[in-house]
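Being a predicted model, the structure only gives us computed values, none of them experimental.
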Amino acid sequence: MGTNKTHANPHFVLCEIWNVKRILSLFVCIFFGSILFAQNEEPGLPDPPPAVTIDGLLYKLYEDSHTAMIANVNSWEGELEIPEQVMYDKQTYTVNKIEWLAFDLCETLTKVKIPKTVTDIQHYAGHDACKNPFRGCTSLETIEVDEENPSMCSIDGVLFSKDKSKLYCYPAGAKAKSYNVPKEVTWIGGEAFARNLYLCTVEMPNSVTFMGYGVFSGCRNLESVRLSENLKYLDAYTFDNCESLHVLDIPKNVSGFAESVFRWTHLDALVVRGTFPATLRSDTFYFVDDSMIIYAQSSEVAKFKKVFSGKVLSLEDYEDGIKTGIIAPRSIASLINHSLFDLSGRCLSAPPTKGLYIKNGKIVVK
């Protein structure tokens, strides 16, 4: 069943939990990351080399290949230009990798330039769902990549794969209030937008078919997200701590949720348009207010009632409420006054060139 949050002083509780989580996050990630690495390591492979400090950064040096990987976890103040090569014990090493928590929670890093030699961001045991080594770098405004880098590129300070199909990292310190994910993107890595405190709206194209875990975790000022219609699954902690997000529209192709997808949100309404062939997980709705209303397909209402103790209504109730402008949750009413909708209640960024749409609770013909 859904678990209620404490209501006596919710802002105080959230702030306290956020602070504790921030302090413990680094240690938890390193601890479990090391366990998972050990469990997934192929038999017979040598242990990774110990990290050494060179010019203020931690590196793991691989003598056989004379390559170096920037290791977990570094502190840096101001701008950083990652070198192409480093010297250690009279030997030269080419810097070709960055480890997955290399700059985790480094709040004084403001700008990074990645050289052409760095071709991979390495997660534990080759796990490829996360390519953001700058999670929680809340002063990091921009990432630059050498134009000759064969594996990565940067567009307006955001880190992508070279072909722009994968979005690795939207800097946590980037100050834009809105962001439109480029149409070339099909894959968004785990925690790609995590802990950015400036973003209010994100528009995602339908080209996106995959999102990793915790993509928007800790984006506490995020108010609106337009998800791709071609997503099939929401991974763990996708919207964790998105406390300003009050209405979320889940496209019809999504047919599965992981655990704690909506944890510590203040959602008024979760609009779920798809069907769920597998049993829904009760831990999906851990630490979600029972005051939230879930609007689901009529065939799915009973499934949601089994795992969520709050109110579950049919999707028709939501659509009718949008059309008439009398739907209950305050944030939806606010959206009606300031946004455009299609006849199914999906937000529109602009009026269509032709057809019917809803503006200020009234149907408009164009």
Side-chain angles (χ1 to χ4, degrees), residues 21-140 143 145-146 149-152 159 168-169 171-172 189-191 194-195 212-214:
K21 284 174 63 185
R22 239 178 127 264
I23 295 170
L24 294 178
S25 176
L26 172 60
F27 301 101
V28 171
C29 287
I30 294 175
F31 176 72
F32 283 104
S34 62
I35 291 176
L36 286 165
F37 186 90
Q39 289 176 340
N40 288 279
E41 214 175 0
E42 294 181 19
L45 289 178
D47 292 334
V52 299
T53 302
I54 305 173
D55 297 329
L57 290 177
L58 290 167
Y59 293 90
K60 291 179 181 178
L61 305 179
Y62 297 87
E63 295 185 359
D64 290 346
S65 59
H66 278 269
T67 57
M69 176 171 66
I70 298 180
N72 306 332
V73 171
N74 289 277
S75 295
W76 194 269
E77 186 171 348
E79 299 183 5
L80 170 64
E81 184 170 349
I82 296 173
E84 294 185 10
Q85 294 181 327
V86 291
M87 292 285 295
Y88 187 78
D89 197 20
K90 298 182 180 181
Q91 298 291 319
T92 301
Y93 297 83
T94 299
V95 181
N96 69 340
K97 294 178 182 178
I98 304 174
E99 202 165 10
W100 67 298
L101 292 176
F103 296 91
D104 193 53
L105 300 178
C106 180
E107 297 182 346
T108 54
L109 180 65
T110 60
K111 182 179 179 179
V112 173
K113 184 169 183 179
I114 299 174
K116 63 184 178 182
T117 56
V118 172
T119 57
D120 189 24
I121 297 167
Q122 188 175 78
H123 207 284
Y124 61 83
H127 184 52
D128 196 43
C130 182
K131 295 284 189 179
N132 181 4
F134 308 108
R135 185 191 68 158
C137 296
T138 52
S139 296
L140 180 62
I143 301 168
V145 180
D146 190 294
N149 189 301
S151 300
M152 305 178 202
L159 184 62
Y168 294 154
C169 174
E191 300 184 308
R195 304 196 183 197
Y213 60 87

Closest approach of [X] and [Y], non-hydrogen atoms and distance?
{"X": "Ala172", "Y": "Cys137", "value": "CB-O, 3.5 Å"}
{"X": "Val73", "Y": "Leu101", "value": "CG2-O, 3.5 Å"}
{"X": "Ala51", "Y": "Ala71", "value": "CB-CB, 4.1 Å"}
{"X": "Pro49", "Y": "Leu61", "value": "CG-O, 3.2 Å"}

To the nearest 0.5 Å, what is the distance between CE on Met87 and CD1 on Ile54? 9.5 Å
Separation between CD (Glu77) and SG (Cys106), nearest 0.5 Å, reads 9.0 Å
side-chain contact (heavy atoms from CB on, under 4.5 Å) involving Pro133 - partner list, sequence neighbours excluded: Ile98, Ala102, Ile121
Can you list the residues that meet the salt bridge (charged side-chain N to carboxylate O under 4.0 Å, His left out) rule with Lys113, with sequence neighbours excluded? none
CA sep, side-chain torsions, deciding dist, call: Val112, Leu140, side-chain contact (heavy atoms from CB on, under 4.5 Å): CA-CA 8 Å; Val112 173; Leu140 180 62; 3.9 Å; yes
Heavy-atom check, side chain of [X] versus side chain of [Y], under 4.5 Å:
{"X": "Met152", "Y": "Asp146", "value": "no"}
{"X": "Ile70", "Y": "Val95", "value": "yes"}
{"X": "Thr119", "Y": "Pro150", "value": "yes"}
{"X": "Val118", "Y": "Asn96", "value": "no"}

Sequence neighbours excluded, the answer for ring-ring contact (aromatic ring centres under 6.0 Å, His included) partners of Tyr59 is none
Kindly determine whether Leu80 and Leu57 satisfy side-chain contact (heavy atoms from CB on, under 4.5 Å), including the steps that lead there. CA-CA 10 Å; Leu80 170 64; Leu57 290 177; 4.1 Å; yes
Show me the pairs that pass ring pair (Phe, Tyr, Trp, His ring centres under 6.0 Å) and involve residues 61-97, at least two apart or across chains. His66-Tyr93
Which salt bridge (Lys or Arg N to Asp or Glu O under 4.0 Å) pairs, counting each pair once, include a residue from residues 51-66, with sequence neighbours left out? Lys60-Glu99
Do any N or O atoms from the side chain of Asn149 and from the backbone of Pro115 form a donor-acceptor pair under 3.5 angstrom? yes
Does Gln85, at its CD atom, have more than 12 non-hydrogen atoms belonging to other residues, nucleotides or ligands within less than 6.0 Å? yes
Relative to the ring of Phe134, is the ring of Phe103 parallel (under 30°), tilted (30 to 60°) or perpendicular (over 60°)? parallel
Mind checking what makes side-chain hydrogen bond (donor to acceptor under 3.5 Å, both in side chains) contact with Lys97, not counting sequence neighbours? none
Step by step, would you call Leu105 with Arg195 a side-chain contact (heavy atoms from CB on, under 4.5 Å)? CA-CA 10 Å; Leu105 300 178; Arg195 304 196 183 197; 3.1 Å; yes
